[in-house]
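So you know, we letter chains A, B, ... as the sequences are listed, proteins then strands, and number each from 1.
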Amino acid sequence: MELDKHYSPQQVEDKWYSYWMDNGFFDSTPDEREPYTIVMPPPNVTGVLHMGHMLNNTIQDVLIRKARMEGKNACWVPGTDHASIATEAKVVKMLAEKGIKKSDISRDEFLGHAWEWKNKYGGIILDQLKKLGASCDWKRTRFTMEEELSNAVIEVFIKLYKDGLIYRGTKMVNWDPAGKTTLSDEEVIFKESQSNLYYVTYKFTDQTKETFNNELGGIQVATTRPETIMGDVAICVNPNDERYKDLIGKTVIVPVVNRVVKIISDDYIDIAFGTGCLKVTPAHDENDYKIGEKHNLEIIDVLDDDGRISERAGAYVGMDRFACRKQIVKDLEEQGIITKSEQIKNTVGHSERTDAVIEKKISTQWFVNMQAYLKRYPQVLSAVMNDEIKFHPSKFKNVYKHWLDNIKDWNISRQLWWGQRIPAWYDEKGNYVVAKTEAEAQKLFKDNAFKAPIVDNSNLIERHENRDTLNVQHSTDDEHISNPVNLTQDVDVLDTWFSSWLWPMSVFDGFKEGDKKDLKYYYPTNDLVTGPDIIFFWVARMVMAGYAFNGQKPFSNVYFTGIVRDKLRRKMSKSLGNSPEPMDLIAKFGADGVRMGMLLSSPAGNDILYDESNVEQGRNFCNKIWNAYRLIAGWQIVNDEAVTADIIASNELANQWFEMKYQIAVNDILNAFEDYKLSEALMSIYKLIWDDFCSWYLEMVKPIYGQPINESALAQAKNNLEKVLVLLHPFMPFITEELYHVLYDGKPEQPMILHAYPVSKNNVVEVDDRALQIISEIRNIRNSKGLSPKIAFELIIKTEQEKSYKVWETTISKLANVSTIHYNITKPEKCLTSLIGTDEIFIPFAEAIDEAAEMKKMQEELTYLEGFLKSVDVKLNNDRFVSNAKPDVIEKEKQKRADALEKIEKLKKSLTQNNN
RNA sequence: GGGGGCUUAGCUCAGCUGGUUCAGAGCAUCUGCCUUACAAGCAGAGGGUCACUGGUUCGAACCCAGUAGCCCCCA
């Protein structure tokens, strides 16, 4: 059968994926073997595969396939995340396109649409992973919002509440006016931006001469947020600021609303920033809020849910916050109240999901008390610091520690519908309990085990339309309710990460009643592969959950991938159009090629600069292997008796030589795996296959054109191909499975996916291969002299180690086109010379000899060697070196000296001979 | 503002506790080859003051200090 010159992945990949699936090779159930477990970071349920997923899942697949081949019970659990805010935003958008407003439909109707959407698009991303070759146990596919997993979330909420680690409270939170929900601190992305700093004058109420110390008739405040002026309740200066000392206690008029406020003082104020005066707006700034608390100031929230100016502002009502900013600036400039502005750089918080500018707001929400949590579970920090949980690369340990050291309470309630609804129940007065069901809640109320309503001192109107159903009356009295009638469940849902942090346990039914067989077997998992961008969102929180709910770490190793960027180091993004479509790439280059392309340039923790040339390299590599097979498959076979003893011996030697190279590579590869340096492991395999196997070994055993190969050599060649395919399989599963099958006529002992992975060996059998340098040297000579490889050379070797070369004669003749080889005969008058180590070779080929050039070459080498000898001598003559350096270092230096001396002597001899 | 990291060949990166002729790899480049497995290939070659300055040491890409530039995280 004639095989195509080029490998076609398209014809092969689907076939083998189905084969693996049909035979259940990806499936795992607990047994007596050692488990090896990875849980996939669940992608957003409605997401599509991007290059980041490709990299991340390729790495996981490499790890899981290797473990499977090592005989472990490998289990890779896939799944998707309900991604509360992202999915809800998508569904809202989809409904809007149909002309349906979220506010016009009920919660249940909305959720109906959302589930429909999820069922329609939810599986796409996982199907795409199959094209990549991901060997997940698909039977275990989970979804963070399925019933079991949602139950787990509720259980955990209740437990933490009972333990006093979850509380309801009124605090300053992050508000996303586009998503109309609060966000945790981690969901706020700070971006540097150019902002205008406006200088606003607040006129003194008392316009007498003593106060009137400038022509403005007031105090000047610098602010980037003039639209919040209506919420100003004080002006604050530093008590040590000489400029304003006398003004403390005086009153000024807030522009626009003409409110009279005091000038107060606080150490917090930075004298150097702006004018040194701060307008205090406790409703919209963390620090202002603190000052407000300290000085007992009123809180006036001037913004609505969607970022418009609220009724309470008393002016510009209904105007968008940014439009209002422009308008106020314009109006106040006209009034001479804003007299100047300047450009400054500051950082502005944006929503991770909607990219809207975040507003700080006072709100009553649910929180996890992180300080208390970490106090109760100190292993969260210590396990990472003492490498019980290992980070790769380890530099992320510092990042992790720094975050934990500065951790704040975690706001877990979201004003959304898509997610796990908070299991808190309120009576008509706002008293509340936390319970799994309404019945349990009723019982708690009956037992008077409820908490009094949170008194919201922010004077905020409850502003979420979906909150209206609550009809909460804030009251401070302690009146007990003995017969609650109407209980209402909290309308908010929990932060998505409040479910994802349970993932490694919940996918193994860790919160389900029963024997917990799977959890006991698979948990803690082995490796987690994820991006450093979710180290806080997810990695840290899984560690927290692990210790709190199971008393164990969730995983032993965390492999942080980098971010996939284009070759100009820009992030991949739709708007830039610099992100290739993964499915197109696979169609064009094959999954194996793409996998290799992604892995070649991505050491752990480093960003990977995607360039199509990497993927091309992957494809080319497939082709190279394919052709190696094609060569072997095309040979005619004869009995060993039918070929000469020389050929048998030569092939045997080639096999031993390759065995040595192979074993060295295996050791390197396993070491690289040990350190999670997958790109290094792959590079070692690449070089083993391309250089050692194809360029050397196959060329050594390849029969002369038209000649057959002896059967033992063929068997060895096939075996060697098998060995390198095995090494490669975790990285390039499809082509290796394909070739392994065709290599053994479709009937290999077992499929490649289950083939045993090699182990390292301490004693690698050395094969003396110095003779191979002759081949390179002769090729080099031909190249530099412009001599065709078709011209056969005679070769003279001057050596005391004749045997080292003799065994390789057949190979040297074949690969360097040498006709005859002589040893230690008198050097002919005109010949090319070279040093191989301390041995010399001569090629009598008079026509090509440029004597002057030969002399020059030798002279240059001699000069170098003499310089080298000198530097070695300096070391060896230095008493301090001899007395301080380790003995083996000194020994090596002595050896270098001896070698150099020998070479110099030989060169000198050649030079004088040539001169004669 | 606080913390972490980086700077080695044209590009992307290795280089362990200082010591092998230690300055490496892949890609790219250049030269010669359509040599009967592969031109998606073969055989070769040329590229670097290891950011800069100083120190420690018999010996520094590696340790220390400072300088410059870049990146990330946090507030």
Side-chain angles (χ1 to χ4, degrees), chain A residues 3-7 185-186 188 190 270 286-287 347 349 393 395-403 405-408 532-533 535-536 562-563 567 569 589 593 600-603 605-609 611 613-614 616-635 671-672 675 677 679-680 682-684 686-687 690 694-695 698-699 702 704-706 775-790 815-817 864-865 867-869 871-872 874-886 888-893 895-896 899-900 903:
Chain A
L3 294 168
D4 196 278
K5 269 163 56 162
H6 293 148
Y7 170 64
D185 294 343
E186 288 69 38
V188 179
F190 286 90
D270 178 359
E286 186 94 58
N287 296 308
T347 49
K395 66 178 177 186
F396 288 109
K397 280 166 76 172
N398 290 326
V399 179
Y400 182 85
K401 180 174 191 302
H402 190 254
W403 183 72
D405 287 347
N406 295 288
I407 198 160
K408 290 197 188 152
D533 49 332
I535 183 170
F536 310 133
I563 295 168
K567 56 180 169 181
R569 284 198 183 274
F589 295 101
L600 264 183
S601 55
S602 60
N606 273 30
D607 284 354
I608 111 150
L609 305 191
D611 185 349
S613 68
N614 286 352
E616 274 172 23
Q617 196 182 348
R619 178 203 53 186
N620 294 353
F621 186 42
C622 286
N623 204 44
K624 184 72 184 174
I625 302 166
W626 170 250
N627 275 291
Y629 163 71
R630 214 156 68 90
L631 175 67
I632 292 175
W635 284 332
N671 283 335
D675 297 335
K677 293 180 175 175
S679 54
E680 273 183 36
L682 178 56
M683 184 48 72
S684 296
Y686 179 78
K687 286 193 275 195
W690 202 300
C694 291
S695 296
L698 286 181
E699 293 298 333
K702 180 163 113 184
I704 304 163
Y705 181 63
I775 296 168
S776 296
E777 188 58 28
I778 292 178
R779 285 169 173 173
N780 196 355
I781 288 170
R782 285 187 201 276
N783 250 310
S784 58
K785 305 279 177 213
L787 297 172
S788 163
K790 286 173 184 156
L815 299 195
N817 194 11
Y864 170 79
L865 281 168
F868 176 73
L869 179 67
S871 75
V872 175
V874 166
K875 270 192 204 174
L876 286 170
N877 293 334
N878 183 337
D879 289 345
R880 304 229 274 175
F881 171 73
V882 178
S883 54
N884 286 322
K886 284 178 236 155
D888 58 316
V889 174
I890 296 170
E891 216 27 67
K892 275 172 191 161
E893 291 298 321
Q895 187 57 48
K896 282 192 223 169
D899 282 358
K903 286 185 189 177

Atom P, compared across B:A14 and B:A25: separation rounded to whole Å: 16 Å

Which is more 5' along RNA chain B, the nucleotide nearest A:N406 or the one nearest A:H402? Just name the residue. A:H402

Polar atom pairs between nucleotides 29-36 of chain B and protein, under 3.5 Å, N or O only, would you list them?
from, atom 1, to, atom 2, distance (Å)
B:U36, O2, A:Y705, OH, 3.4
B:U36, N3, A:Y705, OH, 3.1

With A:Y686 via ring pair (Phe, Tyr, Trp, His ring centres under 6.0 Å) - residues at least two apart: A:F621, A:W690

Establish, with yes or no, whether the OP1 or OP2 oxygen of B:A43 is under 4.0 angstrom from a side-chain nitrogen or oxygen of A:S695. yes

Sequence-aligned protein contact record of nucleotides 4-13 of chain B, with B where the base is within under 4.0 Å of a protein heavy atom and S where only the sugar-phosphate is: S-------SS

Could you check whether the side chain of A:Q617 and the base of B:A28 have a donor-acceptor pair of N or O atoms closer than 3.5 Å, going by distance alone? no

Please tell me if A:R880 has a side-chain N or O lying less than 4.0 Å from either OP1 or OP2 of B:C58. yes

Partners of A:K903 by salt bridge (charged side-chain N to carboxylate O under 4.0 Å, His left out), sequence neighbours excluded? none

Among B:C38, B:G44, B:C58, which nucleotide has an atom closest to any side-chain atom of A:K5? B:C38

Between the protein and nucleotides 22-25 of chain B, which nitrogen or oxygen pairs are less than 3.5 angstrom apart?
from, atom 1, to, atom 2, distance (Å)
B:A25, O2', A:K687, NZ, 3.1

Can you check nucleotides 60-62 of chain B for protein contacts, nitrogen or oxygen pairs under 3.5 Å, and list what you find?
none

